[in-house]
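Beneath this line is the structure, given in structure tokens, with notes to follow.
Scope of the values below: all heavy atoms of this structure, side chains included, with no hydrogens, waters or symmetry mates. Throughout, numbering of the chain's residues begins at 1 and tracks the sequence.
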Amino acid sequence: GNLYHAGSFSNNFSLNGLSLQGRTGPSSSGTYLSRLSIGSSSNSDWTILLDFPIINLITDPFDNIIFTIRGYPTVDTVHIGPNYTLALPSALASNETVEILVKMDTQGNVLWTKRIGGRTDSREISLTDLATNGAGDIYLAGHMWNEIFSGGASSGDLILDSIAVSING
């Protein structure tokens with residue numbers, strides 16, 4: 001079996017014989033995802049860097065890794081490991097939260113991503129739970145802030161709405 005571990009670090013960090021440093025240099029912080037093989041003599045462990053912290057992490061019945069990352073982008077791309085870059089809309093404001101749902105195979109290759117939130121309006125989405133079923137379908141739950149409208153105009157107030165999303169694996 002495999003054990004997946006995610007965390008963050010400051011300055012330099014070493015895991016599985018790999019020395020990590022944040023993307024902007026040795027004194028910056030970073031986030032990582034690591035696979036540790038259990039009960040196997042093969043050296044198939046790996047560790048990758050991520051631009052944003054992991055919020056939720058699960059595996060599906062096929063041992064694919066599914067996780068959400070959340071951050072406030074200051075650039076128009078997000079790196080997920082060494083070989084995958086996700087472009088973000090240039091219209092994102094620097095204070096907007098972006099949630100990204102990621103599905104990887106057991107080797108750490110990105111199978112697909114879905115950006116959730118990060119619009120230039122008042123909606124700030126926060127995914128708080130993640131689940132999968134035997135077919136590999138994915139279920140998300142969370143909340144978002146919405147403006148309250150009265151008579152077609154915004155009142156300037158916000159209301160917290162719950163959200164639930166189902167995605168075919």
Side-chain angles (χ1 to χ4, degrees), residues 2 4-10 13 15-16 18-36 44-133 135-146 161 163-169:
N2 295 313
Y4 297 98
H5 180 263
S8 59
F9 62 92
S10 295
F13 178 70
L15 183 67
N16 297 335
L18 177 66
S19 180
L20 302 175
Q21 66 181 14
R23 291 203 184 276
T24 59
S27 63
S28 65
S29 62
T31 302
Y32 67 90
L33 173 63
S34 196
R35 183 184 83 177
L36 305 171
S44 57
D45 298 340
W46 49 259
T47 300
I48 60 169
L49 282 174
L50 304 164
D51 282 352
F52 293 155
I54 290 180
I55 305 303
N56 297 294
L57 173 67
I58 63 171
T59 57
D60 69 11
F62 313 105
D63 207 25
N64 293 311
I65 311 149
I66 303 163
F67 59 92
T68 57
I69 57 177
R70 178 185 306 148
Y72 298 92
T74 56
V75 294
D76 57 0
T77 58
V78 175
H79 297 93
I80 302 169
N83 301 317
Y84 192 88
T85 302
L86 176 66
L88 297 174
S90 59
L92 287 177
S94 62
N95 63 344
E96 287 184 271
T97 301
V98 173
E99 296 257 356
I100 300 169
L101 177 65
V102 181
K103 185 174 183 179
M104 290 181 151
D105 66 16
T106 191
Q107 300 304 314
N109 301 306
V110 175
L111 299 174
W112 53 255
T113 62
K114 295 193 183 302
R115 181 179 54 85
I116 302 167
R119 299 173 48 135
T120 56
D121 60 20
S122 63
R123 296 166 203 219
E124 184 171 308
I125 294 177
S126 180
L127 299 174
T128 55
D129 205 2
L130 186 60
T132 186
N133 64 14
D137 298 328
I138 301 164
Y139 303 94
L140 307 166
H143 60 269
M144 69 181 196
W145 290 100
N146 255 331
D161 290 332
I163 59 171
V165 179
S166 173
I167 300 172
N168 293 338

Does [X] reach the main-chain N or O of [Y] with its side chain, forming a donor-acceptor pair under 3.5 Å?
X      : Y      : answer
Arg35  : Thr106 : yes
Ser34  : Trp46  : yes
Thr132 : Ile138 : no

Give the C-alpha distance, both sets of side-chain angles, the deciding distance and a yes or no for side-chain contact (heavy atoms from CB on, under 4.5 Å) between Ile58 and Tyr4. CA-CA 9 Å; Ile58 63 171; Tyr4 297 98; over 6 Å; no
Looking only at heavy atoms, what is the nearest atom pair of Gly136 and Asp60, with distance? CA-CB, 4.4 Å
What distance separates [X] [atom1] from [Y] [atom2], expressed to the nearest 0.5 Å?
X      : Y      : atom1 : atom2 : result
Met104 : Thr59  : CE    : OG1   : 14.0 Å
Thr85  : Ile80  : OG1   : CD1   : 8.5 Å
Ile100 : Leu86  : CD1   : CG    : 5.0 Å
Asn64  : Leu111 : CG    : CG    : 5.5 Å
Ile69  : Arg115 : CD1   : CZ    : 12.5 Å
Asn56  : Arg70  : CG    : CZ    : 7.5 Å

Steps toward side-chain contact (heavy atoms from CB on, under 4.5 Å) verdict (Tyr32, His5): CA-CA 8 Å; Tyr32 67 90; His5 180 263; 2.6 Å; yes
Is there a side-chain contact (heavy atoms from CB on, under 4.5 Å) between Leu140 and Ile167 once you walk through the steps? CA-CA 8 Å; Leu140 307 166; Ile167 300 172; 3.9 Å; yes
Could you go through the side-chain contact (heavy atoms from CB on, under 4.5 Å) check for Val102 and Tyr84 one step at a time? CA-CA 11 Å; Val102 181; Tyr84 192 88; over 6 Å; no
